[in-house]
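No hydrogens, no waters, no symmetry mates; every other heavy atom, side chains included, goes into these values. Since the structure is predicted, the reported quantities are computational estimates derived from the model, not experimental observations.
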Amino acid sequence: MPIIKIYNNDTNRIETYFRCDGETMPYITGNTLTVREFRGTSRSDILWTEKRAMQAWNRFRSSYGKPIRVGSGFRRPFEGGHSQQSQHYAGVAFDVGQNLCNTERLHMRRHANHSRILSFVDHVLNTPSWVHFDNRRGKSACKTGGYPMVRHGSRGVYVFVLQDVLRHLCYDVGELDGIFDNKTAHAVKAYQRKRGLVVDCVVDCETWSNLMCDVVCRC
C-alpha cells in the first residue's frame, strides 16, 4: 500500500496517508484523481505532493466540467522521462489528455491558460500529444527556472526531492519526511564538500544543478 506524504501549506506540517492504488488521493473531491493515476508508471512506494496542488486540481477539474484522463502526476528523478528539475519530481505536476484528439487538447490547454488556476501550462510544442500543467511555487533558484532555494528549516515537496536524490546518491538523510533537519543538513554539506561547492548548507542553483545532473544525467 503506497504511503502518501502531503505537505499542508496551511499548517506547515507533513501529513501521512495510506491509500491503495484505486483509492482517491488525499484532499481530492469526487474521485477525480486516484493514487494510481497520480503515481503513473513510478515504482515508488512513497509518493509526495502538497495540499494546494490537490486543491488546484479540484478547482481546475470543476471548472473544466468534464472527466480528465491523467497519465501521471509523479515521478522520481532517477526514473527518467523528464527534465532535470521537473515538477513531477516534486509531485505538483499533471500530464493529462493523452486520450483526446488535437482539438480537444487545444481546448483543454486554452482553458488551463485562461483559468489561471495552475501556475504553469507548458507550450504545445513541448507537449504535442498531452497537456502539462503544474502548481510550482516559490522563486526559482536558477534564472532559467526550476526549483526554489531550500535551506535548514525548510519544509515541503522540494525538500522531499532533495532528500530522495541525496539518498539515491548514498547520503544518509534519515527518513524521507520533507523536513530539512540537521541530518539532511549534514548530508547537504557532505555533498557540497565532495562536489567542490560552497559548503553553506543552502541548496541554491549550483547545488540543485549538480545534484540533478548527478542523479539524472550521471555526469
Could you tell me whether a side-chain N or O of [X] sits under 3.5 Å from a main-chain N or O of [Y], the two making a donor and an acceptor?
{"X": "Arg13", "Y": "Asn8", "result": "no"}
{"X": "Gln87", "Y": "Asn135", "result": "no"}
{"X": "Gln85", "Y": "Tyr147", "result": "yes"}
{"X": "Asp95", "Y": "Gly71", "result": "no"}
{"X": "Arg69", "Y": "Gln98", "result": "no"}
{"X": "Tyr191", "Y": "Leu166", "result": "no"}
{"X": "Arg61", "Y": "Lys66", "result": "yes"}
{"X": "Thr34", "Y": "Glu37", "result": "yes"}

query: Among pairs that include at least one residue of residues 136-153, which meet salt bridge (charged side-chain N to carboxylate O under 4.0 Å, His left out), considering only residues two or more places apart or in two chains?
result: Glu50-Arg137, Asp134-Arg136
task: Would you mind listing every salt bridge (charged side-chain N to carboxylate O under 4.0 Å, His left out) that reaches into residues 70-87, with sequence neighbours excluded?
output: Arg76-Asp164
Show the nearest heavy-atom pair for residues [X] and [Y], with the distance to one decimal.
{"X": "Leu33", "Y": "Ile28", "value": "N-CG2, 3.7 Å"}
{"X": "Asn102", "Y": "Pro128", "value": "OD1-O, 4.3 Å"}
{"X": "Arg39", "Y": "Ser44", "value": "NH1-O, 2.6 Å"}
{"X": "Ala112", "Y": "Phe133", "value": "CB-CD2, 4.0 Å"}

- prompt: Is there a path from Val198 to Val203 through hydrophobic residues (I, L, V, M, F, W, Y) whose side chains come within less than 4.5 Å of each other?
  reply: no
message: In this structure, is the centre-to-centre distance between the rings of Phe60 and His111 below 6.0 Å?
response: yes
- line: For Trp208, the side chain to side chain donor-acceptor pair (under 3.5 Å) test, sequence neighbours excluded, returns none
message: Which residues pass the side chain to side chain donor-acceptor pair (under 3.5 Å) test with Arg109, not counting sequence neighbours?
response: Thr127
statement: Which of Phe74, Tyr7, Tyr17 passes ring-ring contact (aromatic ring centres under 6.0 Å, His included) with Trp48? It is Phe74
message: Can you confirm whether more than 12 heavy atoms, excluding those of Lys189, are under 6.0 Å from its NZ atom?
response: no
- prompt: Can you check side chain to side chain contact (heavy atoms under 4.5 Å, CB included) on Thr49 and Ile6, steps first, answer last?
  reply: CA-CA 5 Å; Thr49 184; Ile6 303 279; 3.2 Å; yes
Can you give each donor-acceptor pair under 3.5 Å made by side-chain atoms of residues 172-180, sequence neighbours left out, with the distance rounded to 0.1 Å?
| residue | atom | partner | partner atom | Å |
| --- | --- | --- | --- | --- |
| Asp172 | OD1 | Gly174 | N | 3.0 |
| Asp172 | OD2 | Lys183 | NZ | 3.4 |
| Glu175 | OE2 | Lys5 | NZ | 3.4 |
| Asp177 | OD1 | Gln163 | NE2 | 3.0 |
| Asp177 | OD1 | Ile179 | N | 3.0 |

- request: Apply side chain to side chain contact (heavy atoms under 4.5 Å, CB included) to the pair Met108 and Ile68, showing each step before the final yes or no.
  value: CA-CA 10 Å; Met108 180 184 289; Ile68 299 175; 4.0 Å; yes
- request: Consider only side-chain N and O atoms of Asn113 and Arg110, and report whether a donor and an acceptor are under 3.5 Å apart.
  value: no
- prompt: Quick one: do the Asp181 and Thr184 side chains pair a donor with an acceptor below 3.5 Å?
  reply: yes
message: Show, in sequence, the C-alpha distance, side-chain angles and deciding distance for Cys213 and Gln84, and conclude whether the side chain to side chain contact (heavy atoms under 4.5 Å, CB included) test is met.
response: CA-CA 7 Å; Cys213 189; Gln84 285 192 36; 4.0 Å; yes
- request: Please name all residues satisfying ring pair (Phe, Tyr, Trp, His ring centres under 6.0 Å) with His132, sequence neighbours left out, ordered by chain then number.
  value: His88
task: Could you walk me through whether Glu15 and Tyr27 pass the side-chain hydrogen bond (donor to acceptor under 3.5 Å, both in side chains) test, one step at a time?
output: CA-CA 11 Å; Glu15 301 170 350; Tyr27 292 107; 2.7 Å; yes
- prompt: Should Thr207 and Asp204 be marked as a side-chain hydrogen bond (donor to acceptor under 3.5 Å, both in side chains) after you check the CA-CA gap, both sets of side-chain angles, and the distance that decides it?
  reply: CA-CA 5 Å; Thr207 300; Asp204 56 7; 3.3 Å; yes
